[in-house]
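Only one structure is covered here, and it is reproduced in the block below.
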Amino acid sequence: MANDIWYTIKNNRIKQGYIEGFNVFDSNRLELDETKRDHFVFLRPIDGVNDDSHWGRLSCDLLLSEEIVCYIYVIASNTLDIVIGEGESVHLDDVLFGKEMETYKKVSLLMNLGAKRFVNNNDFLLYDFKGRYLFVAIEMLGTGKASIGNIRVGVRGDNFMGAFPEVYRQENSFFHRYLSIFSSIYNDISEQNDKLYEMLDLDKCSPELLEMYGSWFGIDLRGGFLSEDVLRTIVKEAYQLNRMKGTRKVIERILEIMLGDDAVLLENRRQDGGIFDVTILVNRKLTEELRHQLTFLLNQFKPIRTNIRLLQMEKEAVMDGNSYLDMNATIPAEKHVVLDEEALYDGAITLL
């Protein structure tokens with residue numbers, strides 16, 4: 001059984017085309033710019049190498065709001081030369097990707113040349129198309145959020161047609177189209193199987209999978225309360241962290257992952273019961289979110305009976321209402337000072 005050959009439209013090819021009213025992202029995705037009036041994309045042609053090349057299928061990830069209509073135009077040709085105007089011969093790609101012709105006229109030109117239009121369809125057969133070069137254009141109408149990405153074009157090569165006798169191999173017949181459904185399903189499953197390794201790659205898998213992998217080591221990471229980089233680091237080091245569980249070293253490592261060098265760990269060595277108290281000085285603003293993140297993680301690794309206190313080390317000087325400044329007392333200029341109405345100064349007190 002022959003396998004399909006697939007062309008994937010990635011960022012380089014997208015950016016080489018003509019784009020109007022879309023933003024391009026590194027994930028091979030085009031997102032509709034709601035501030036623009038017109039939304040068109042003309043992709044560089046895919047070269048099938050041989051004249052009269054057969055094309056199989058086009059698929060993409062298409063997300064549309066209810067107010068958006070997406071048109072995908074497709075045409076195949078053995079040559080790039082076309083005749084426009086008064087017998088003028090030009091290259092089709094020069095017309096489509098240049099700025100001389102208005103965009104809506106480019107669409108009309110494709111339709112006049114025999115392009116087919118597919119409406120709000122993210123997966124369709126191209127068995128009717130024959131030609132070396134395959135052109136794909138996209139138009140979106142309406143207002144709202146929309147995106148299109150992971151555009152893939154397959155060359156005809158059904159997995160199942162070759163298993164039948166020659167009499168059944170009539171191209172574009174009802175039987176051919178019927179089997180193409182199962183061929184498409186088979187190709188999708190094969191593609192997913194080829195990417196299974198990415199699910200186990202801790203640098204590429206989704207945060208949801210990282211949470212699950214953490215649970216395999218007995219670490220509760222659910223709820224999306226950690227940033228993605230911290231989450232990946234903890235899962236990567238889950239084995240080592242569990243080996244150090246219940247020690248000072250594991251607490252220091254978690255603080256390093258979460259805060260870098262902005263934390264100091266102090267143990268209380270008194271014999272009156274305070275030996276289980278641990279104080280962590282955080283040299284940054286300790287927001288409620290950060291406090292909950294640290295507490296949630298540290299409670300999973302700290303020694304039993306240990307009480308952990310998180311203290312924020314402030315850089316600013318703070319005085320309450322009963323503060324008294326003696327002679328020659330100085331508050332540095334970079335400090336912010338607030339005094340109430342009953343403040344009393346004596347002698348040579350100076351506020352800088």
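Small disclaimer: the values here were computed from a predicted structure and weren't measured.
A cation-pi contact links K106 to F42, judged by a cut-off of 6.0 Å to the six-membered ring centre and 45° from its axis.
Looking at heavy atoms from C-beta onward, F296 lies in side-chain contact with D220 at the 4.5 angstrom threshold. With a 4.5 Å cut-off on side-chain heavy atoms, W55 and V153 count as touching. In this structure the side chain of M244 never reaches within 4.5 angstrom of the side chain of I254, judged on heavy atoms. Counting only heavy atoms from C-beta outward, the side chains of F25 and N23 approach each other to under 4.5 Å. Taking 4.5 Å as the limit, every side-chain heavy atom of H39 sits out of range of all side-chain heavy atoms of I68. Put simply, the side chain of L134 reaches to within 4.5 Å of the side chain of L126, judged on heavy atoms. Contact annotation: the side chain of M140 approaches that of L62 to within less than 4.5 Å [non-hydrogen atoms, C-beta and beyond]. Contact check for I9 versus I46: side-chain heavy atoms found under the 4.5 Å cut-off.
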What donor-acceptor contacts under 3.5 angstrom involve side-chain atoms of residues 71-78, with partners at least two apart or in another chain?
unit_1: Y73; atom_1: OH; unit_2: E139; atom_2: OE1; d: 2.7
unit_1: S77; atom_1: OG; unit_2: T79; atom_2: N; d: 3.2
unit_1: S77; atom_1: OG; unit_2: T79; atom_2: O; d: 2.7
unit_1: N78; atom_1: OD1; unit_2: D52; atom_2: N; d: 2.7
unit_1: N78; atom_1: OD1; unit_2: R132; atom_2: N; d: 3.0
unit_1: N78; atom_1: ND2; unit_2: D52; atom_2: OD1; d: 2.9

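More than 12 heavy-atom neighbours from other residues, nucleotides or ligands sit within 6.0 angstrom of CZ on R291. The 12-atom threshold is not exceeded at CG of D261, counting heavy atoms of other residues, nucleotides or ligands nearer than 6.0 Å.
Scanning all heavy atoms of the two residues, the minimum distance from R284 to M258 falls at NH1-O, 4.2 Å.
For the atom pair N242 CG and F301 CZ, the distance stands at 5.5 Å (nearest 0.5 Å). Summarising the geometry, atom OH belonging to Y7 is positioned 13.5 Å from atom CG belonging to L58; distances are rounded to the nearest 0.5 Å. Rounding to the nearest 0.5 Å places CD1 of I280 at 10.5 Å from CD of E267. Taking CG of D47 as the reference point, atom CG of L80 lies at 8.5 Å (rounded to 0.5 Å). Note that the CG atom of D81 and the CG atom of D94 stand 9.5 Å from one another [nearest 0.5 Å]. The CZ atom of R253 sits 4.0 Å away from the CD1 atom of I257 when rounded to the nearest 0.5 Å.
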| Derivation and outcome, salt bridge (Lys or Arg N to Asp or Glu O under 4.0 Å), residues D123 and R57 | CA-CA 7 Å; D123 196 332; R57 175 185 171 202; 2.5 Å; yes

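No chain of hydrophobic side-chain contacts below 4.5 Å, direct or via other Ile, Leu, Val, Met, Phe, Trp or Tyr residues, connects Y104 to F97. Cluster annotation: Y239 is connected to L231 through the hydrophobic network of ILVMFWY side chains, with a link wherever side-chain heavy atoms come within less than 4.5 Å.
Under the 4.0 Å criterion applied to side-chain N and carboxylate O atoms, E252 and K249 are not assigned as salt-bridge partners.
A donor and an acceptor atom, one from each side chain of N28 and N150, are nowhere located under 3.5 Å apart.
In this structure a side-chain-to-backbone donor-acceptor pair under 3.5 Å is missing from E67 to G144. The backbone N or O of L202 sits less than 3.5 Å from a side-chain atom of R232, completing a donor-acceptor pair. In terms of modelled atom types and a separation under 3.5 Å, the side chain of T279 and the main chain of L266 share no donor-acceptor contact. Without hydrogens or angle criteria, D61 side chain to L63 main chain gives no donor-acceptor distance under 3.5 Å. Without hydrogens or angle criteria, N120 side chain to C70 main chain gives a donor-acceptor distance under 3.5 Å. Counting only distance, with no hydrogens or angles, the side chain of S215 and the backbone of M212 share a donor-acceptor pair below 3.5 Å.
The residue from L290, L286, T287 that alone fulfils the side-chain contact (heavy atoms from CB on, under 4.5 Å) condition with Q312 is L286. Considering V282, L294, V250, D262 as possible partners of L255, the one that fulfils the side-chain contact (heavy atoms from CB on, under 4.5 Å) test is L294.
Note: F124 and F118 have parallel aromatic rings, judged against thresholds of 30 and 60 degrees for the angle between ring planes.
Applying the side-chain hydrogen bond (donor to acceptor under 3.5 Å, both in side chains) rule to E211 yields no partners; only residues at least two apart in sequence or on another chain are considered.
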